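Before any comments, here is the structure.
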Amino acid sequence: MIIFLLLPDIMKDTNMKNTPVDRATVRSVIEKYNLPDFGKATIREVVAIASELEEMTGTEFIHMEMGVSGLKAAQVGIDAEIDALQKGVASIYPNINGTPELKKETARFVKAFMDIDISPESCVPVIGSMQGTFASFLTSGQCNPDKDTILFIDPGFPVQKQQLVVLGYRYESFDVYEYRGEKLQAKLESYLKTGRIAALIYSNPNNPAWFCLTEEELKIIGTLANQYDTIVIEDLAYFAMDFRKELGKPFESPFQPTVARYTDLYILQISGSKAFSYAGQRIGVTVMSDILYHRSYPGLTRRYGGGTFGTIYIHRVLYALSAGAGHSAQVALAAMFKAAADGKFDFISEVKEYGKRAHRLKEIFIRHGFRIVYDHDLDEPIADGFYFTIAYPGMTGGELMEALIYYGVSAISLSTTGSNQEGLRACTSFIKDNQYKLLEERLTLFNEEYPLAGN
């Protein structure tokens, strides 16, 4: 009986072609990670597996799994940080509220590129948007004992759900793929009217699908947030990176779209990692409306004895997590914000490289029979940017993910992002110039093993 069960796999292997990465080696590494379903592996697990295989076999991998900055860090930030370190800030704790300069320049940056008025007080440095969302979830979930759930407008960043697992909070989610435009209203309200949603979160531009919510959709979200007293967490990790629009001119329209035009119950997460390629220093800012900052909530008052949303966010939650963001990194981010708002640093031109990479990569995948999963923003083609999504006929996302890793191409399954669609998220950040030709060669071999119907 045991031989009979194993026989199909053995027979299948004998019919398979040799691949750039040895199949047995791939399987042995995956098994070492004790993953029952490779398609559900986390981003970090996929990175670790691909990196280990690359080292073991000497085969160059095309890494498309992890969203890490792939450009040189902004020089204006580097120069400012070096100067600050030389002046001795490394020995001094920064104010837990943030340095006055960063708070001031954040408020000015938000005005310059979003056309939103905010006071410096409501701008708080965090150790990257990861810490910003964690602290936002934690605080939002304690405001009202009747509101115990965070809602994800998916697909989204998988680790944010892991943050809620760590916190022990409930969450719900829905894939917005079928609910764009006016359809969003009824779908979103079906969750909010339960009275259990403390906060909702989405990314814009979207990670992983790279669609961008429209003004109509943001107005729906903001209006319903007001109606149901729900906090909106807007993840702007890819700030102004919708390259279809000229969003990088300070104090000039068009501006980065935001829910902040339609509600005062907002928290914005602005990261230095992608727009400024400053990922290594783990710096970002949480920006909340002045009204939310100064609002008291019964749940927070009972737990902490007083305070407002903003003061508890800073003096209780962030203080407990890290006692502040790095001093020199705050100086760097302030310098980058200032140079951008002054019109001396065109950060958007710098990161348009990602869009160029995406355009070339999409062409290669499509030519080899793949399709783009999230291919439209309503009636407009999706932008070329930091991420895109791919699928292959007859394969689930998990099957495609495993099939491609034998060809030295690593990406993550859309199923881990809250998407209901079958396919993969591909990131452009680590692509090297020589790898376009390499990808062509690998996918040609892939097509031989998995030919398209009619070929």
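All figures in this text were calculated on a predicted structure; none of them were measured in a lab.
- Judged purely by distance below 3.5 Å, without hydrogens or angles, the side chains of Y171 and Q160 never pair a donor atom with an acceptor atom.
- Formation of a donor-acceptor pair under 3.5 Å by the T263 side chain with backbone atoms of A260 is not found in this model.
- For the residue pair Q421 / D175, a side-chain donor-acceptor distance below 3.5 Å is found, with atom types taken as modelled.
- If you check the side chains of T428 and R357, you find no donor sitting under 3.5 Å from an acceptor.
- When the options V285, T286, L236 are evaluated for a side-chain contact (heavy atoms from CB on, under 4.5 Å) with Q269, the one that passes is T286.
- Residues F309 and Y293 keep their aromatic ring centres 6.0 Å or farther apart.
- For residues 183-205, the set of pairs meeting the ring pair (Phe, Tyr, Trp, His ring centres under 6.0 Å) definition, not counting sequence neighbours, comprises F174-Y191.
- Checked against the 6.0 Å centroid criterion, the rings of Y319 and Y313 do not qualify as a close aromatic pair.
- Between Y387 and Y238, the distance separating the two ring centers is shorter than 6.0 angstrom.
- Note that CE of M288 and CG of D290 are 10.0 Å apart. Values are rounded to the nearest 0.5 Å.
- Under the ring-ring contact (aromatic ring centres under 6.0 Å, His included) test applied with F113, the options F347, F337, F255, F345 reduce to a single match, F347.
- Distance check: F251 CZ to D115 CG gives 9.5 Å after rounding to the nearest 0.5 Å.
- No hydrogens or angles considered: a donor-acceptor pair under 3.5 Å links the side chains of R282 and S273.
- Aromatic pair F137/Y169: ring centres not closer than 6.0 Å.
- You'll find the ring centres of F365 and Y392 outside the 6.0 Å limit.
- A cation-pi arrangement is absent between K338 and F109, since the terminal nitrogen or guanidinium carbon is not both under 6.0 Å from the aromatic centre and inside a 45° cone about the axis.
- Side chains of Y262 and E215: a donor-acceptor N/O pair is present below 3.5 angstrom, by distance only.
- In this structure, a donor-acceptor pair under 3.5 Å is absent between the side chains of S413 and T416.
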